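Structure first, then comments.
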Amino acid sequence: MSSGAPRGNGQVVRLPRGASLSDFADRIDANPGSLVQEMFNLGEMVTATQSCSDDTLMLLGEHLGFDVQIVSPEDEDRELLAQFNIDLDAEVDADRLVTRPPVVTVMGHVDHGKTKLLDAIRKTNMVAGEAGGITQHIGAYQVRVEHEGEERAITFIDTPGHEAFTAMRARGAQVTDIVVLVVAADDGVMPQTVEALNHAKAADVPIVVAVNKIDKPEANPDKVRQQLTEYGLVAEEYGGDTMFVNVAAKPGIGIDDLLDAVLLTADASLELTAPVDGPAQGVAIEAHLDKGRGAVATVLVQKGTLRVGDSIVAGGAHGRVRAMLDENGQPVTEAGPSRPVLVLGLTSVPDAGDTFLGAADDRTVRQIAEQRQARRRAAQMAASRGRASLETLLEQIKQGEKATLTLVLKGDVSGSVEALEDALFKIEIPEEIQLRVIHRGVGAVTESDVNLASASPEATATIIAFNVRAQSRGVETLAERQGVEIRYYTVIYQAIEDIEAALKGMLRPEYEEVALGSAEIREVFRSSKVGTIAGCVVRSGVIRRNAKARLVRDGAVAADNLTVASLRRFKDDVTEVREGFECGLTLGSYNDLKVGDVIETFEMREKPRA
């Protein structure tokens, strides 16, 4: 063909997600312009440097006779680390291995007492500060117990209970050795119990069942045992191999038995060893932006030892460990395998579930982080852009007629943002409506978030702020000026319900109060015909007849839900009086007026929805 693009004979070309035509051209030693021409001949308009979707790359490869293989994120990362001589899967000599504590994830249905159970284990009260008693983000804690005459450590990961946190629970199961499934004895097996059970089975980890709330009069622990046999969990007393322990978290009954069961299961089913020497490797369980301390990540060390001063990279974040804190907020100098610690010193917030590793120097971790960020960015751009073909041009014009709800998601921790986004895209919505998330991030709502929301091409985006506020009053003022709505939530399912209702057009109109003006009473006149008349001077804005009003006396609201029933200037009835002018008005049947009172008028306007 005239374009001069080379032809392959089934030759394999490996490309990362979001690769451009220039990347493809480099692999096959071709001119990028020739590939642009080939794509145009195929009916697709793609520039040489644009991130392409997997489908586009495969289509071009098939057309030119190349076997295009898209490198998976895991392989991509492995190849990247190999450039720095880092092998995560390297065999470890047996003499370097030491026994490590088991990592336990507590799962179960919402309100079945997971946090209360951890409460009883840790002897600290975490649940009091949680909205609606629901764990809002993951915590990791290590406890020490006496078992068969020796002191043993167990690491617990507390995963949220609400169904919206499926993604986080699944990730919890990936880093865990044993799952404690909490089932309330008075409630039995519920949908999320089964969901948690499926996650644990998918992760192929042993399960210990904690039958909670046995102190309640309506408790029936045997019913729970029978129900769980249907899901393949048969109690030891019934001839099975799953340990069931009766507990009551509030009074602290059976806690020691549960810890013993965890350790017995670990000793019987698992060989828990890890090298304690060498650079640290592990997983970022959770991460958030702290106002005073910057990016803070809870990490679980899986291999090696993490020390203060080490250079680390977690996903696209890197930095040097400035300080480490344990679950009680106490500083620690080093953390070995199965030890969860809070790490300070990262330059940005990693995603929950990102692997972290220590490296020899700052330069190495910075290069790894930068390359990861570039690859993620390219993959995200390819996913959001999709294929721009000649055939789909009319389709895109039709798409413009669709109602689009565009969102910017901000949260306190990365796991919550990810789980919220995951839940939003599972909402079943009518075909004529579409949902787009143009940005997600951790930390307070900033001016750049507002600018991004207002610049959205489809429609002004709504900012969903979960457990965070605007960075300053200036951010809120900017949002008001640019018509960007910021919605604040502290419980995740309220955000999901609101957005679902908005998407389905079910939300009733919302009204907001808009101030019109205020007037100060200078004289009060009594009239047998019209009641009490207020002689006023308009201090700001405008006073309108029939407007809603409230009476403010000494800075406090003395009366609300009033109406400006009549409005006069001298002897003439008027519809409005502006700032600086005098007027006489009545507030209907309300007569308790005094000199010096302030009358504020306002109207209720329907708030526009995205």
Side-chain angles (χ1 to χ4, degrees), residues 73-74 76-89 103 137-140 155 157 167-168 170-172 174-176 274 278-290 293-327 332 334-377 379-380 411-419 440-443:
E74 293 77 22
E76 212 176 315
D77 210 48
R78 215 168 272 121
E79 288 173 16
L80 169 63
L81 295 176
Q83 296 171 22
F84 298 93
N85 298 319
I86 299 171
D87 184 3
L88 296 179
D89 305 319
V103 178
H137 43 78
I138 296 175
T155 297
I157 296 177
M168 289 161 76
R171 194 166 43 244
Q174 283 165 16
V175 297
T176 198
Q281 288 178 29
V283 177
I285 298 289
E286 195 47 277
H288 67 279
L289 204 56
D290 187 282
R293 301 185 291 190
V296 177
T298 304
V299 300
L300 178 71
V301 180
Q302 292 174 315
K303 292 179 184 176
T305 302
L306 184 65
R307 294 180 176 84
V308 173
D310 284 358
S311 298
I312 65 165
V313 57
H318 68 93
R320 181 174 285 218
V321 180
R322 206 170 63 235
M324 289 194 298
L325 307 173
D326 65 11
E327 59 272 14
V332 288
E334 60 177 45
S338 296
R339 183 81 169 114
V341 283
L342 208 64
V343 170
L344 279 64
L346 290 169
T347 52
S348 59
V349 179
D351 288 340
D354 277 346
T355 55
F356 85 86
L357 39 109
D361 55 73
D362 291 348
R363 188 165 159 268
T364 303
V365 296
R366 189 176 64 252
Q367 286 178 335
I368 293 172
E370 283 170 357
Q371 289 195 43
R372 279 176 172 173
Q373 285 168 4
R375 287 181 176 188
R376 279 185 187 180
R377 228 173 4 251
Q380 282 172 357
D412 54 342
V413 291
S414 51
S416 300
V417 177
E418 184 188 324
R440 65 202 61 69
V442 174

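If you're wondering where the values come from, they're calculated on a predicted model, not measured in any experiment.
Side-chain contact between V283 and Q302 is present, with at least one heavy-atom pair separated by less than 4.5 Å. The shortest side-chain heavy-atom distance between L325 and V296 does not fall under the 4.5 Å cut-off. Two residues are said to be in side-chain contact when any heavy atoms from C-beta on lie closer than 4.5 Å; L346 and I312 meet this criterion. The closest side-chain heavy-atom distance from L306 to F356 is below 4.5 Å.
Between the side chain of R322 and the backbone N or O of L344, no donor-acceptor pair lies under 3.5 Å. A distance-only check finds no donor-acceptor pair linking the side chain of T305 to the backbone of G336 [under 3.5 Å]. With hydrogens and angles ignored, the 3.5 Å screen pairs no side-chain donor or acceptor of S338 with any backbone N or O of V103.
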Tell me, with the steps shown, if L357 and V313 meet side-chain contact (heavy atoms from CB on, under 4.5 Å).
-> CA-CA 6 Å; L357 39 109; V313 57; 3.9 Å; yes
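The structure places NE2 of H318 at 6.0 Å from CD of E370, a figure rounded to the nearest 0.5 Å. One distance of note links CZ of R366 with OG of S311; it measures 10.0 Å at 0.5 Å rounding. Remark: T298 OG1 to I285 CD1 distance equals 8.0 Å, nearest 0.5 Å.
Taking each heavy atom of S348 and A295 in turn, the nearest pair found is O-CB, 3.4 Å. Among all heavy-atom pairs drawn from L300 and P340, the shortest one is CD1-N, 4.0 Å. Of all non-hydrogen atoms in A287 and P350, the two that sit nearest each other are CB-O, 3.5 Å. Looking at every heavy atom in both residues, V341 comes nearest to A335 through CG1-CB, 3.9 Å.
Considering only residues two or more places apart in sequence or on other chains, D326 meets the side-chain hydrogen bond (donor to acceptor under 3.5 Å, both in side chains) condition with none of them.
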